[in-house]
Amino acid sequence: MKFVILSRLTDEGAETIVDNPERIKEVNEELEKMGLKVLEQYAVFGEYDFVNIVEADDNATVMKAMVELSSRGTIRTVTMPAIPVDEFIEILKGKK
């Protein structure tokens with residue numbers, strides 16, 4: 001399953017990456033240990049600071065990882081499951 005994670009740094013999180021920009025990649029490695037595979041990652045402007053596309057076996061794995069990250073106080077996230085459009089069309093047609 002794929003998921004889109006929108007994340008916003010807290011003041012503490014922003015300070016952390018200014019002091020240690022490589023921390024961003026370290027968190028990706030931690031996510032892998034939690035069962036998520038980071039497929040793509042973008043720094044963005046606007047309401048959010050990062051957009052990540054990740055893959056995981058199930059919702060529970062992603063939920064647990066996001067709670068763990070949020071508990072640190074450096075980031076806040078919004079997570080959405082992502083369904084490929086072709087699969088969504090098949091669902092609408094009642095074939096899945």
Side-chain angles (χ1 to χ4, degrees):
M1 299 175 70
K2 290 184 182 172
F3 298 83
V4 176
I5 301 171
L6 306 174
S7 58
R8 182 178 310 124
L9 296 168
T10 63
D11 290 345
E12 182 181 342
E15 186 177 319
T16 297
I17 66 166
V18 165
D19 293 341
N20 179 15
E22 290 300 317
R23 181 68 185 131
I24 297 165
K25 296 285 188 169
E26 292 168 6
V27 171
N28 291 350
E29 292 170 10
E30 292 174 26
L31 289 173
E32 298 240 350
K33 291 177 185 172
M34 293 181 212
L36 279 66
K37 180 178 180 182
V38 178
L39 302 175
E40 296 183 63
Q41 183 173 45
Y42 302 95
V44 296
F45 298 115
E47 187 174 347
Y48 296 95
D49 299 308
F50 296 96
V51 175
N52 293 291
I53 310 299
V54 303
E55 196 168 53
D57 290 337
D58 53 45
N59 290 330
T61 300
V62 177
M63 288 173 58
K64 184 176 177 184
M66 293 305 101
V67 169
E68 168 66 29
L69 285 184
S70 293
S71 73
R72 299 174 185 182
T74 56
I75 199 165
R76 296 292 174 247
T77 63
V78 174
T79 305
M80 301 170 280
I83 301 169
V85 170
D86 289 338
E87 184 178 329
F88 183 61
I89 291 169
E90 292 303 309
I91 291 168
L92 292 174
K93 290 179 176 179
K95 295 182 179 178
K96 277 199 167 199

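- With rounding to the nearest 0.5 angstrom, the CE atom of Met34 is 11.5 Å from the OG1 atom of Thr61.
- Cluster annotation: Val54 and Met80 are assigned to distinct hydrophobic clusters (Ile/Leu/Val/Met/Phe/Trp/Tyr, side-chain heavy-atom contacts under 4.5 Å, transitive).
- Of the inter-residue distances, the one linking Glu87 atom CD with Leu92 atom CG reads 11.0 Å to the nearest 0.5 angstrom.
- Across Thr77, Leu31, Thr79, Val67, a single residue satisfies side chain to side chain contact (heavy atoms under 4.5 Å, CB included) together with Val62, and that is Thr79.
- Considering every non-hydrogen atom in both Met66 and Leu36, the closest pair reads CE-CD2, 4.1 Å.
- Residue pairs meeting the salt bridge (Lys or Arg N to Asp or Glu O under 4.0 Å) criterion with at least one member in residues 39-52, sequence neighbours excluded: Arg8-Glu47.
- Other residues, nucleotides and ligands place no more than 12 heavy atoms under 6.0 Å from the CE atom of Met63.
- Leu6 and Val44 end up in the same hydrophobic cluster when Ile, Leu, Val, Met, Phe, Trp and Tyr side chains are linked at under 4.5 Å.
- Across all their heavy atoms, Ser7 and Ile75 have their closest contact at CB-CD1, 3.4 Å.
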Exercise for the section: Starting from the C-alpha separation in whole Å, work towards a yes-or-no answer on side-chain contact (heavy atoms from CB on, under 4.5 Å) for Ile5 and Phe50. Expected result: CA-CA 8 Å; Ile5 301 171; Phe50 296 96; over 6 Å; no
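- Among residues two or more places apart in sequence or in another chain, the side-chain contact (heavy atoms from CB on, under 4.5 Å) test is passed with Asp57 by none.
- Between Val4 and Ile53 the shortest side-chain heavy-atom distance falls below 4.5 Å.
- Within the structure, every pair that satisfies the salt bridge (Lys or Arg N to Asp or Glu O under 4.0 Å) test and touches residues 66-84, not counting sequence neighbours, is listed here: Glu30-Arg72, Glu68-Arg72.
- Scored by the side-chain contact (heavy atoms from CB on, under 4.5 Å) test, Lys2 finds Leu39, Glu55, Ala82 as partners (sequence neighbours excluded).
- Residues passing the salt bridge (charged side-chain N to carboxylate O under 4.0 Å, His left out) test with Glu26 are Arg23, sequence neighbours excluded.
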Name every donor-acceptor pair, under 3.5 Å, that has one atom in a side chain of residues 9-18 and the other anywhere in the protein, sequence neighbours excluded.
unit_1	atom_1	unit_2	atom_2	d
Thr10	OG1	Glu12	N	3.4
Thr10	OG1	Gly13	N	3.1
Thr10	OG1	Gly73	O	2.8
Thr10	OG1	Thr74	O	3.2
Thr16	OG1	Glu12	O	2.9

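- To the nearest 0.5 Å, atoms CD (Glu22) and CD (Glu29) are separated by 9.5 Å.
- Criterion: ILVMFWY side-chain heavy atoms under 4.5 Å apart, direct or through other members. Under it, Val85 and Ile91 are not part of a common hydrophobic cluster.
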